[in-house]
Structure formats: C-alpha cells, structure tokens
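Order of the sequence lines sets the chain letters (A, B, ...), proteins ahead of strands, with each chain counted from 1. Note that these values count all heavy atoms, side chains included, but never hydrogens, waters or copies made by symmetry. Please read all numbers here as calculations on a predicted model, not as lab measurements.
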Amino acid sequence: MRFLPEMGTAMTKQMLRELTPQQYLDLYYYMRLNRAVEDTMVKLFRQNKIVGGLYSSLGQEAISVGTCYALEKKDWIAPMIRNIGALLVKGVPPRDIFMQHMAKYDSPTKGRDGTSHFGDLENRHIVSPISMLGDLIPVMTGVAVGGRYLGQKIVTMTWIGDGGSSTGVFHEGLNFAATQKAPFVLILENNLWAYSTPVRRQVPLENLADRAKAYGIDSYIVDGNNVVAVFNAAREAVERARAGGGPILIEAKTFRRLGHAQHDPAEYVPKEMRAYWEARDPIALYEKFLTAEKLLDAAGKKEIDEKLEALLAAEREFAENSPMPPAEFAEGGVYCTGDDCHPIRPKWERPAGELTPPKSSVKPVWTVPGFGSGKGSGGAGAPIHFGDTRVVAAGAMASNGRPGKTAAKPNAKSAPKKAKAAAAGASRKARR
Amino acid sequence: MAGGKGTAAGGKEITFLEAIRQAMFEEMERDPAVLLMGEDVGVYGGAFKTSEGLLERFGWERVIDTPISESAIIGAACGMSYLGLRPICEMQFIDFIVCAFNQITNFVAKGHYLWNAPAPMVIRGPSGGGVHGGPFHSANPEMYFVHTPGLKVIYPSTPYDAKGLLKAAVRDNNPVLFFEHKFLYRRIKGEVPAGDYTVPIGRAVIRREGQHLTILSYAAMAHSSLEAAEELAKEGVEAEVIDLRTLLPLDEETIVNSVRKTNKCLVVHEDTKTGGIAGEIAALLCEKAFSDLDGPVLRVTALDTPVPYAPTLEDYFLPNAKKVFAAAKELARY
C-alpha cells in the first residue's frame with residue numbers, strides 16, 4: 001500500500017486566503033459535532049438502546065463536512081451511511097439521528113426505517129439512502145437534470161465508497177449524468193476497505209478517480225483527512241457543475257478507522273495501516289492548524305466543548321424519552337393518497353412562457369459543446385464524433401503491447417484556469 | 001396513423017398504440033411537469049413508435065433519449081419525481097424492466113412508506129407474447145411487481161382503457177407500472193371520446209354479463225376470454241367476463257360480487273401459472289366467498305417455462321380461447 005506522502009501534512013498557509021475565519025470555525029464545529037454525535041451513539045449502542053447496527057465515520061468526518069459545506073441551501077444531497085456529518089451541515093438536529101437509530105416514533109421515519117435512512121424533500125433537500133450501494137447516483141442525477149429543467153440552478157451531491165464504485169448502477173448512473181451534463185458532484189470516499197475486502201481486491205486502480213475518464217468527466221483526488229482541502233475541491237467542483245460544466249468525481253483518500261459496523265472488530269486491518277491513519281486524525285490535524293494560525297485558542301475550544309456537551313445531552317434526552325411507534329403504525333402509508341397526503345407542485349423558476357404552451361422551439365438550458373466538432377472528427381456535422389481522443393495507429397503501440405501515452409489526451413480546457421490555484425494545495429487534478 | 005400527430009383526436013376509432021401515444025401527448029401538453037425518458041423514444045419515436053412526434057412537439061429537454069441503462073432511467077425518473085415532476089419511463093421491451101428491479105422495488109416503491117417521499121412516475125412498455133418475440137421480448141413480468149407494496153400495476157386491454165388509465169397513471173402520486181400488450185398494439189382498434197378523460201386505477205370492468213360462471217382476465221387474454229364466452233353461449237353457458245385492468249390494487253369488490261352471483265370462477269392469464277395472479281385470486285375467493293363457491297377456482301395460464309421462440313412451441317405455451325372454452329366447460333359441469 002502506497003500512501004501519498006503529503007497526506008495529513010498539507011495544511012499550508014496558502015489556504016488561509018481561501019476561507020473566512022467563520023468558515024474555518026464552522027468546518028471545525030461541524031467535524032466536532034459529527035464526532036460527538038457518533039460518540040454518543042456508541043454509548044447508546046453499548047447500553048443496548050440502538051435497535052440495529054451502528055456504522056461509524058470515525059476519521060472520515062472531514063469528507064462529509066467539507067463536501068457538504070461547499071453546497072448552497074437550495075442544493076440537494078443524498079448521504080450514505082457514513083455521512084452523518086453531511087446531515088448535520090444540512091441542519092438536521094442530532095436528536096433526529098439518535099431517534100432514527102433508536103427506532104423512535106418521533107424520528108423522521110417514525111420507526112419505519114433506521115440509521116441515517118431518512119430524507120427531507122421539502123426543506124433541507126435530502127434524499128434518503130437505501131442499503132443497496134450506487135442507487136443514489138442515478139437518483140441524484142435525476143434531481144440534477146430535473147432541477148435544471150425547472151430552472152432552479154441547483155447542484156446535487158452524493159457519496160459512494162471504494163466498494164460501492166464496483167456496482168453496475170454506479171456506472172449506469174455516472175454515465176447517464178455525463179451524457180446529460182448533469183450538475184452533479186459525486187464524492188468517492190476511498191476508505192480502503194469494503195467491509196473486510198481491501199480496495200486492491202475491489203478495484204485494480206491506484207486512483208479510483210481514474211474511473212471518471214471512462215465517462216469523459218473531470219475528477220479530483222483530495223486528501224480526505226484535510227478538511228480545508230476537501231472543502232476547496234468540493235467548492236470548485238460545485239461551482240463548475242453549477243456553471244454547466246457537467247458532473248465531477250472527487251476521490252477523497254481516507255481510512256475507515258472502525259469496523260464495517262459496531263459488531264466488526266476489523267482484525268483484518270494491518271496494524272501499521274491503522275497506526276498510520278490514526279496519526280492523521282482529521283480533527284486533531286485541523287485543530288493543530290487552527291491553533292497555529294491563531295484561529296482557535298484554548299478558550300474558544302473550551303467554549304465549543306461546552307456547547308457540544310450541553311447540546312448533545314439535551315438531544316439525547318429528548319431522543320431517549322421519545323416512545324416506540326405504536327404497533328399498528330406498521331400498517332398503511334404505502335401509497336400517497338393524493339393532495340391531502342402530498343400536494344405535489346414543482347417549483348418552477350423558469351419563465352412559464354418558455355414552457356406553456358409547449359413549443360418544440362423551447363431553447364434547451366444546456367448544450368453539448370463540441371459535439372461533432374472534435375479534433376478527430378470531420379468537424380461539425382460529421383457523422384461520427386471522435387471527441388478529442390487521438391485514434392491509436394498501429395505504430396503507436398508501445399513495446400509492451402499497450403497503447404502509448406499519447407493515445408488518450410483528455411481535454412483539460414473545460415477546467416477554469418483560476419480554479420487551479422485554489423486547488424493547488426492538497427487537492428489536485430486526478431493523475432492523468 | 002389514426003388520430004394524426006396532433007392533440008386529442010377524439011370520438012373515433014384508434015389503435016391501442018395510438019391511444020397510448022395520445023395519452024402521453026395530451027398529458028405533456030396539459031402539464032409541463034410531464035416528461036418522457038427511455039431508449040430511442042426521441043429521434044426514433046420509440047421502437048414501436050408510441051412516442052412518434054413527441055420530440056418535435058416538446059423538445060429534447062422533455063423527451064430524453066437515454067443510454068441503454070434501465071437502472072439509470074428509473075433512478076433518474078425517481079429523482080425527478082422528488083422535485084414534483086412526473087416522468088414517464090419507457091422500457092423498450094418490458095422484459096428489460098428487471099434490469100432496474102432493485103431501483104423499482106427498493107428505491108421507488110418503498111419511499112413513501114419509509115420516509116414519506118411520494119414518487120409520481122410511470123414505467124411503461126410493451127409486454128406479452130404471441131408475436132414470436134422469443135424468451136426475452138415476450139415477458140409478462142407483472143407479478144414481480146404486484147408482490148411489491150408501494151407500486152400500482154395496470155395492464156389494459158382496450159384503446160379506451162389504455163388512454164384513460166395512462167392519463168390516470170401520469171396524474172397519480174405513486175409509481176405506476178403500465179404494461180402494454182404488444183399483440184394488441186396494432187390489432188385492436190376502439191373508440192375513444194373526444195377530449196380529456198381518465199379511467200380510475202383499481203377498478204375492474206364487467207365486459208360481458210352472465211350468470212353461470214365468472215371468467216377473470218386482463219390484457220390480451222381478456223379478448224380470448226370474450227371469444228370463449230361467445231362460444232360458450234352457443235352451448236347455453238353464460239359466462240360473466242371481467243377485465244381486471246388494474247392488478248394492484250386489485251378490485252376485490254367486483255371480483256367477489258361476481259363470484260357470489262355465478263358461484264364459479266375461472267382465472268385466465270398469459271403469465272405463467274406458478275405465482276401468477278390466479279393463485280392470489282383463488283386465495284382471495286377462499287377467504288371472502290368460500291361458501292358461495294360451487295366448484296374449484298380453475299386457472300388457464302401459460303406453461304411454467306420461459307416463452308419459447310418457435311411458433312409451434314409458443315402457440316402451445318400460450319393460453320387461448322380454445323383452452324379457456326375447455327376449462328369453462330369443465331367448470332360449468334360442477
């Protein structure tokens with residue numbers, strides 16, 4: 001296993017230009033909140049108050065928090081099981097997360113589902129995950145394409161693991177997103193383990209970001225334990241997606257510090273690997289950075305400690321006092337019964353005149369630039385579009401029988417120039 | 001094509017296929033939230049031309065040609081529905097719906113019950129055999145989905161019902177699966193009224209009244225059942241023929257009321273026998289009308305095999321009016 005040498009040590013002064021002091025502290029607060037919420041749930045689990053399994057994002061908080069913090073309020077997310085941090089950034093109160101795990105009647109799903117399987121279509125724009133991996137990718141593509149049609153200028157984001165990137169629907173979804181140029185950002189959390197199977201046995205790639213090439217989309221690789229780097233990469237991706245640049249894949253390198261779930265001691269993880277990553281705890285690293293940059297002092301830290309303690313005690317108490325759902329609540333609710341149940345009205349933010357009465361001349365809100373005009377094609381109107389990939393001639397084959405390096409030269413022009421400086425820290429373009 | 005390319009061409013005979021095209025056209029005309037997605041639905045107008053003229057009228061933001069990715073089609077439609085849009089997904093052949101099985105059964109169907117998220121969307125496509133399409137272009141996969149709480153499943157048999165039910169499906173706040181028997185596409189014509197109308201989901205219809213026995217059926221087999229009923233009448237057996245139209249939710253009231261009257265029931269479907277809806281209906285009648293039954297609930301269905309390709313094999317595999325007639329005669333003797 002090769003680790004990127006700069007992992008966890010790349011917090012440079014350069015980043016200071018990028019964020020306001022409040023943003024720095026927000027990132028810190030949400031990571032601390034993320035960890036405190038999960039610590040509380042471990043206690044609840046040990047007291048047998050959690051009904052099902054408990055999944056941890058210990059050591060991965062920088063990813064959930066840093067990526068979701070790059071979104072606007074109107075944007076949509078679909079968190080996976082290890083993205084409680086994203087839920088918190090979206091404003092979900094910790095009590096909802098506790099009650100979900102405890103199957104309480106006051107939980108968002110009223111006990112019908114557990115863990116972080118809940119959503120909020122109306123206010124926070126959260127789509128609930130399901131346990132099958134990859135399914136959120138086409139769904140969030142649909143939200144992105146639908147939002148664009150409605151004129152909402154939203155960006156959608158979801159997360160997937162290294163293991164989940166092997167599912168068929170990952171491919172179908174990302175490919176469809178790419179063909180639609182959907183304003184969609186996919187965060188691939190490479191935590192090196194898919195349950196007990198190491199990433200090498202899941203995917204024969206050094207960088208999972210390379211998967212993006214197959215869909216003709218851009219990707220970034222980022223140190224997933226560096227919250228500022230994660231935020232910067234996500235912010236750039238979100239801006240580009242919102243501007244119509246199409247979907248972007250961000251691979252965040254990190255490590256799953258605990259087992260697949262609470263029951264799993266993860267003895268299959270080599271000691272050296274664990275030690276390496278434990279020394280790069282995202283919160284400890286960030287705290288060091290904030291202290292060095294005088295953004296956080298002992299008094300400020302104590303204030304946050306106390307705030308979290310009081311908040312979580314109250315939230316936990318509320319959750320524990322909530323009742324279990326009445327047994328008969330198992331029945332009903334399968335169908336939406338109509339307007340009284342859910343008045344379904346799309347929120348148009350496009351001039352209605354553009355759409356009603358329908359006209360085939362309605363201008364699309366996006367186009368596919370370059371279609372039929374790639375370098376390798378016969379120009380606009382050519383019957384076949386070769387994109388900008390050079391056709392491999394027989395002589396160009398390297399001696400090892402594989403195409404030479406010149407075979408594929410992705411188009412880098414679509415990346416805005418100014419964004420490169422922003423990402424020059426720990427975040428950088430995927431290896432090409 | 002009957003009905004032209006324009007809006008409601010009502011009050012005249014149109015094909016089953018044209019009824020579906022008109023339903024989509026009119027719903028998209030009525031509500032800009034309605035979109036169509038699928039493989040070759042745009043430029044080509046659909047493999048069976050059910051979406052002919054839609055791209056020209058509504059533009060490619062609303063008529064989306066997709067990659068060959070059924071899971072992506074269904075998933076994306078689900079995402080769109082969360083914004084209040086009402087996408088219609090076409091499966092080029094309904095056989096391919098199983099490629100998106102997980103999306104439909106786990107994501108789309110469970111959302112309202114689990115987290116209060118309605119998914120107003122329609123999944124439709126050509127189904128059924130009798131056209132020598134072979135084992136992968138002739139399926140009747142309705143029961144996979146009838147077994148999935150949260151879905152509605154429609155399988156019409158006439159142009160009038162196809163148009164009215166498809167419109168109702170688009171306006172429904174739930175995910176609706178709409179099966180179109182491709183044997184009927186161009187073979188069946190029927191009158192549809194001028195102007196807008198819907199047919200309620202979840203209601204069966206009595207196609208022919210009778211007092212000696214009830215034949216329950218749907219889709220292409222509703223026609224075979226009617227044909228058999230006419231033959232039966234020549235021998236003095238008056239069969240009541242009911243077209244279920246919607247399989248989920250099932251119109252239990254119409255079924256039970258008819259059997260209480262005739263005291264005998266034959267269920268006919270083109271789906272294979274084991275796990276077909278006939279078994280479900282037999283159980284329903286045992287629960288709700290046991291003391292009214294004067295004979296066993298009989299089934300006429302396809303064989304429990306994949307749909308074979310050769311015409312001789314497929315003809316043997318499929319139920320038909322003759323098989324319905326024979327079973328009904330047997331049942332009438334009780």
Side-chain angles (χ1 to χ4, degrees), chain A residues 76 108-109 112-113 117-121 127-128 130-132 135-150 152 156 168-169 171-173 175-177 179-180 332-339 341-342 344-348 352 355-365, chain B residues 28-33 35 37 54-87 99-100 102-103 106-121 149-152 172-174 249:
Chain A
W76 285 65
T109 64
R112 282 179 172 167
D113 201 351
H117 288 188
F118 64 98
D120 178 356
L121 294 181
V127 172
S128 173
I130 64 171
S131 298
M132 292 72 197
D135 280 315
L136 291 166
I137 296 170
V139 171
M140 296 313 279
T141 298
V143 176
V145 173
R148 179 175 61 201
Y149 173 55
L150 291 166
Q152 293 179 348
T156 66
V169 75
H171 169 76
E172 286 200 13
N175 182 61
F176 186 42
T179 62
Q180 282 288 317
V334 167
Y335 291 122
C336 173
T337 51
D339 258 15
C341 185
H342 289 95
I344 293 174
R345 309 273 184 277
K347 295 185 180 75
W348 293 99
L355 302 150
T356 48
K359 299 181 276 288
S360 59
S361 60
V362 167
K363 273 203 164 179
V365 293
Chain B
M28 292 181 76
E29 190 88 4
R30 182 186 62 80
D31 182 357
L35 303 96
M37 267 201 292
L54 265 61
L55 178 67
E56 288 83 341
R57 175 65 173 165
F58 301 106
W60 54 273
E61 265 189 296
R62 294 181 67 189
V63 181
I64 302 171
D65 275 324
T66 68
I68 304 171
S69 303
E70 283 78 12
S71 283
I73 297 169
I74 304 295
C78 184
M80 288 175 174
S81 78
Y82 290 157
L83 294 170
L85 296 170
R86 293 178 177 274
C99 300
N102 177 46
Q103 284 282 348
N106 276 319
F107 214 106
V108 172
K110 291 178 181 172
H112 192 267
Y113 179 81
L114 295 180
W115 62 286
N116 203 24
M121 57 187 279
L151 302 175
K152 294 187 178 181
D172 200 280
N173 281 0
N174 297 283

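Heavy-atom distances place the backbone of B:Leu151, and not its side chain, under 4.5 Å from chain A. With a 4.5 angstrom heavy-atom cutoff, B:Pro87 does not touch chain A via any of its atoms. For B:Asn106, the parts lying near chain A are the backbone and the side chain together; criterion is any non-hydrogen pair under 4.5 Å. Neither the backbone nor the side chain of B:Arg30 comes within less than 4.5 Å of any heavy atom of chain A.
Heavy-atom pairs under 4.5 Å with chain A were tallied for B:Gly84, B:Gly59, B:Ser81, B:Cys78; the largest tally goes to B:Gly84. In terms of heavy-atom pairs under 4.5 angstrom with chain B, the leader among A:Ser131, A:Pro346, A:Ala352 is A:Pro346. Listed options A:Asp339, A:Thr109, A:Ile137, A:Ile344 were ranked by heavy-atom pairs under 4.5 angstrom with chain B; first place goes to A:Ile344. Of the residues considered (A:Phe176, A:Tyr149, A:Trp76, A:Tyr335), A:Tyr335 shows the highest number of contacts with chain B, using heavy-atom pairs under 4.5 Å. Comparing A:Leu121, A:Leu355, A:Thr141 by heavy-atom pairs within less than 4.5 Å of chain B, the highest count is held by A:Leu121. When each of B:Gly75, B:Ala100, B:Pro67 is checked for heavy-atom pairs under 4.5 Å with chain A, B:Gly75 comes out on top. Per-residue counts of heavy-atom pairs under 4.5 Å with chain B were compared for A:Asp113, A:Asn175, A:Leu150, A:Asp120; the largest is that of A:Leu150.
Side-chain atoms of A:His117 do not come within 3.5 Å of backbone N or O of A:Arg112 as any donor-acceptor pair. A donor-acceptor contact shorter than 3.5 Å links the side chain of A:Glu172 to the backbone of B:Ser71.
Of all heavy-atom pairs spanning B:Ile73 and B:Thr66, the tightest one is CD1-OG1, 3.2 Å. Taking both residues in full, the closest heavy atoms of B:His112 and A:Gly333 are given as ND1-O, 2.8 Å, listed atom of the first, atom of the second, then distance. In plain terms, the two heavy atoms of B:Lys152 and B:Asp172 that are nearest each other are NZ-OD2, 2.9 Å.
Using bins of under 30°, 30° to 60° and over 60° for the plane-to-plane angle, the ring pair B:Tyr82/B:Phe107 lands in the tilted bin.
Side-chain contact of B:Asn102 with A:Asp135: a donor-acceptor pair under 3.5 Å is present, judged by distance alone.
B:Glu61 and A:Arg148 are not joined by a salt bridge, as no carboxylate oxygen comes within less than 4.0 angstrom of a charged side-chain nitrogen.
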